[in-house]
Participant: 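This is the structure, below, for whatever I ask next.
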Amino acid sequence: MGQRASEAHEHPRLPPGQRLQRGWPVTHYGPVPKFRPERWEFRVFGATADGDKHAWNHEEFSALPYTTVTADLHCVTKFSMTGAEWGGTPARTLLDLVPPAPAVTHVMVWAEYGFSSNLRLSDFAAEDTLFATHKDGEPLTAEHGYPLRLVVPRLYAWKGPKWVRGVEYMTADRRGFWEERGYHNIGDPWREQRYSYQEEPGEGPAA
Ligand SMILES: Nc1nc2c(c(=O)[nH]1)N[C@H]1C(S)=C(S)[C@@H](COP(=O)(O)O)O[C@H]1N2
Ligand SMILES: [Mo]
């Protein structure tokens, strides 16, 4: 019991049903995309306040404000990786640069190969939601999302696409990749919102 008790003491705030993972496993669906800087762009589109689309190339995106967030990663398959220092650009910065129309309630975050995840605007706008380029001072590796991944510390990690390429502002909710495949529409690990069958009325998109 000694080892587990001391781990529990070090990490008293692991969400229910999660266990601590030593190291940092790689978890995703499909192949690791090859980064081609000349073809890469990051787009914000959908219901923007001015009705326009906005795009940054890699050099432009790299020049956006940089900050760090220390946060844990909770995979719905029950492992957690704690104490990472993520570096990157806050989602809030993008919301300031490209304000959403007043009717926007959700965003779809898009990644390479059409991977997507939907978020409530409130979760996306949270102060610790970060478009990360670095972890613990080092650039992300290809398999962990280089050149850019989203980190949403308050939700299960599938809500943070690796190899992210854009954000769509939405005036109604719509399920993303894993949310269409049986995972919870909101995905709060503290409420153990793992699977879509657990959704309460109002937690999923209107049918
Ligand atoms: N593009 C993409 N991003 C993704 C996934 C994926 O399948 N595709 N899986 C998610 C899941 S389920 C988890 S747990 C984390 C894992 O991140 P890691 O491999 O860096 O640990 O990435 C998330 N981001
Ligand atoms: Mo995961």
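Each ligand, and each atom within it, is numbered from 1 in the order the structure gives. Keep in mind it's a predicted model, so treat the numbers as computed, not measured.
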Participant: Heavy atom under 4.0 Å from ligand 1: found in Tyr156's side chain, backbone, both, or neither?
Facilitator: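 Within the 4.0 Å criterion, Tyr156 makes no contact with ligand 1.
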
Participant: Out of all atoms in ligand 1, which are within 4.0 Å of some heavy atom of Trp178? Include the element for each.
Facilitator: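 Taking each heavy atom of Trp178 in turn, ligand 1 has 7 (O) under 4.0 Å.
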
Participant: Which of these, Pro33, Ala157, Pro161, has its nearest heavy atom closest to atom 23 (C) of ligand 1?
Facilitator: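 Of the listed residues, Ala157 has the closest heavy atom.
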
Participant: Does any N or O atom in Val26 lie less than 3.5 angstrom from one in ligand 1, N or O only?
Facilitator: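 It does not: no N or O of Val26 is found under 3.5 Å from an N or O of ligand 1.
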
Participant: Which word best sums up how the rings of Phe61 and Phe131 line up, parallel for under 30°, tilted for 30 to 60°, or perpendicular for over 60°?
Facilitator: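 Judged by the thresholds at 30° and 60°, the geometry between Phe61 and Phe131 is perpendicular.
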
Participant: Below the 3.5 angstrom mark, is there an N/O of Thr27, backbone or side chain, next to an N/O of ligand 1?
Facilitator: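 Yes; the residue has a nitrogen or oxygen that sits under 3.5 Å from a nitrogen or oxygen of the ligand.
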
Participant: Does an N or O anywhere in Pro25 fall below 3.5 Å from an N or O of ligand 1?
Facilitator: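 Pro25 vs ligand 1: N/O contact under 3.5 Å present.
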
Participant: Applying a 4.0 Å heavy-atom criterion (strictly less than), which segment of Trp24 is in contact with ligand 1: side chain, backbone, both, or neither?
Facilitator: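 Answer for Trp24: side chain.
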
Participant: Given that the side chain starts at C-beta and the backbone is N, CA, C, O, which of these parts of Trp158 lies under 4.0 Å from ligand 1, counting heavy atoms, or is it both or neither?
Facilitator: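 It is both backbone and side chain that touch ligand 1.
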
Participant: Looking at ligand 1, would Gly160 count as a contact under a 4.0 Å heavy-atom criterion?
Facilitator: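 Flag set, Gly160 near ligand 1.
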
Participant: Polar contacts were defined as any N/O atom of the residue lying under 3.5 Å from an N/O atom of the ligand; does this apply to Glu143 and ligand 1?
Facilitator: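 There is no such contact.
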
Participant: Side-chain donor-acceptor pair under 3.5 Å between His184 and Ser196, yes or no?
Facilitator: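 There is no such pair (donor and acceptor under 3.5 Å, judged by atom type) between the side chains of His184 and Ser196.
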
Participant: Can you sort out which atoms of ligand 1 are near Arg149, meaning under 4.0 Å from one of its heavy atoms?
Facilitator: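 Under 4.0 Å from Arg149, ligand 1 has these atoms: 15 (C), 16 (C), 17 (O), 18 (P), 20 (O), 22 (O).
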
Participant: At less than 4.0 angstrom from any non-hydrogen atom of Trp163, what atoms of ligand 1 do you find?
Facilitator: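 The atoms of ligand 1 under 4.0 Å from a heavy atom of Trp163 are 1 (N), 2 (C).
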
Participant: Only heavy atoms of Tyr29, strictly under 4.0 Å: list the atoms of ligand 1 that pass.
Facilitator: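 Those atoms are 6 (C), 7 (O).
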
